[in-house]
There are 2 protein chains.
Amino acid sequence: MARTQGSHSGITGPRVREAALHLFAQHGYAAVSMRKIAAEVGVQAGALYNYTPDKQTLLFDLMRTHMEELLAAWDACSPAGGTARDALEAFTRFHIRFNTRRADAVFVSYMELRNLEPENFNIIEGLRRDYETEAETILRRGVAEGGFAVAEPRIAAMALIALLTGVNTWFRERGRLSLAEVEAVYWDMVRRMVANQG
Amino acid sequence: MARTQGSHSGITGPRVREAALHLFAQHGYAAVSMRKIAAEVGVQAGALYNYTPDKQTLLFDLMRTHMEELLAAWDACSPAGGTARDALEAFTRFHIRFNTRRADAVFVSYMELRNLEPENFNIIEGLRRDYETEAETILRRGVAEGGFAVAEPRIAAMALIALLTGVNTWFRERGRLSLAEVEAVYWDMVRRMVANQG
DNA sequence: GTCTATAATGGGATAGAC
DNA sequence: GTCTATCCCATTATAGAC
């Protein structure tokens with residue numbers, strides 16, 4: 001962990017964000033001091049303030065970056081044509097894949113909402129709602145097309161996201177099931193959950 | 001909030017636990033000081049140590065009490081006879097009802113796991129696994145009876161619990177839907193999710 | 001059972017040398 | 001860009017009066 005003085009490596013900024021994300025996920029924002037982040041990076045605490053104006057902004061930037069990357073990745077991955085059923089399968093597999101690969105950021109972006117100042121909270125909440133609306137739109141389209149039976153699309157969208165995000169609480173790479181197998185198990189559950197023929 | 005000196009009310013203990021639970025849920029364990037808990041109760045910080053040996057034990061007792069009450073309430077509520085389908089409906093409705101009425105305790109018992117010392121963590125994790133096993137057992141019975149099609153009962157149990165606990169992120173009493181309506185919407189989703197006819 | 005006072009430690013953030 | 005040193009304040013927990 002210890003580093004020599006004045007490394008001038010030019011990559012301290014990313015290293016600060018990585019260390020903060022990992023420590024916030026492990027111990028919680030309030031429990032992690034700037035000194036501990038600095039120690040993880042291998043600098044003194046004062047040096048961190050070259051990369052963030054304060055601790056709150058560091059947290060907010062981590063969360064905003066995560067949410068924006070989530071939305072951008074889904075935008076790049078969502079199928080252009082196809083049925084709502086195709087879109088829902090793509091969403092299910094995308095959500096599991098993206099979130100299991102970024103478990104720390106997912107955890108922080110949910111758990112530390114309460115430690116955001118009101119203005120920052122509203123921005124993150126808006127991005128979260130945008131993502132929920134992506135799922136809701138797919139469900140509404142499926143109802144319109146006739147393949148889905150969903151009484152409450154907004155609630156079903158939040159239920160779907162809660163279901164899928166739950167994978168993060170137990171999934172481990174090198175576990176019994178591969179990511180592809182987990183995707184298949186969950187898509188099977190999701191498919192039934194919204195299907196017209198119950 | 002301010003109280004006169006030496007109230008001797010005899011109910012300070014429960015008030016300390018209530019205040020701690022509420023503040024931990026709102027701001028997080030690490031962000032809440034003993035002074036803030038004391039101020040909420042209306043005593044000085046030193047007085048809290050008549051009711052808990054330290055802050056960690058206060059957190060642990062809140063979490064253990066919640067988990068034990070959850071298991072006891074389900075034990076009292078789970079149907080003795082009936083099919084696995086009946087049991088699953090009872091579990092679904094029970095979980096939503098119990099957890100929405102104790103949102104603070106649910107939140108703390110999940111979010112503050114990382115702030116428990118290892119020994120305390122293991123105890124809470126054990127209770128959580130006991131609860132998951134209740135759901136898993138119902139699903140396995142349903143498969144044996146032939147009514148359910150569940151490829152991975154343990155994973156499906158965790159998926160079910162994640163789905164149902166997600167209600168807490170959006171449900172508000174006096175919202176558009178009553179608790180009974182929410183239960184019905186979720187039971188409809190759960191029923192389809194495990195049903196043999198997809 | 002609660003208060004006041006305090007010990008011992010650690011917190012976020014800044015100043016100025018290099 | 002990083003270091004050292006420091007300011008000022010908050011933290012948990014304890015001691016002893018009442």
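Chain letters run A, B, ... following the sequence lines, proteins first and then strands; every chain starts at 1.
Atom-to-atom, CG of A/L48 to P of D/dT2 comes out at 9 Å; the value is rounded to the nearest Å. Rounded to a whole Å, the CZ atom of B/R15 is 14 Å from the C1' atom of C/dG1. Between A/L58 atom CG and C/dG11 atom C1' there is a gap of 16 Å when expressed in whole angstrom units.
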Review item, nucleotides 13-18 of chain C N/O atoms under 3.5 Å of protein N/O:
unit_1	atom_1	unit_2	atom_2	d
C/dA13	OP2	A/Y49	OH	2.9
C/dA13	OP2	A/K55	N	3.1

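Nearest nucleotide to the side chain of A/Q44, out of D/dT4, C/dT2, D/dG1: D/dT4. Side-chain proximity of A/S33 to D/dT2, D/dC3, C/dG12: nearest is C/dG12.
Between the side chains of B/R154 and B/T133, at least one donor N or O lies within less than 3.5 Å of an accepting N or O.
Residue pairs meeting the ring pair (Phe, Tyr, Trp, His ring centres under 6.0 Å) criterion with at least one partner in residues 143-187 of chain A, sequence neighbours excluded, do not occur; the list is empty.
Residues passing the side chain to side chain contact (heavy atoms under 4.5 Å, CB included) test with A/D61, sequence neighbours excluded: A/T57, A/R64. Annotation: side chain to side chain contact (heavy atoms under 4.5 Å, CB included) contacts of A/Y49 (sequence neighbours excluded): A/M34. Taking B/E181 as the reference, B/L177, B/S178 meet the side chain to side chain contact (heavy atoms under 4.5 Å, CB included) condition, with sequence neighbours excluded. By the side chain to side chain contact (heavy atoms under 4.5 Å, CB included) test, A/T169 pairs with B/Y110, sequence neighbours left out.
Of the side-chain N and O atoms in A/T12, one or more sit less than 4.0 angstrom from OP1 or OP2 of D/dT2.
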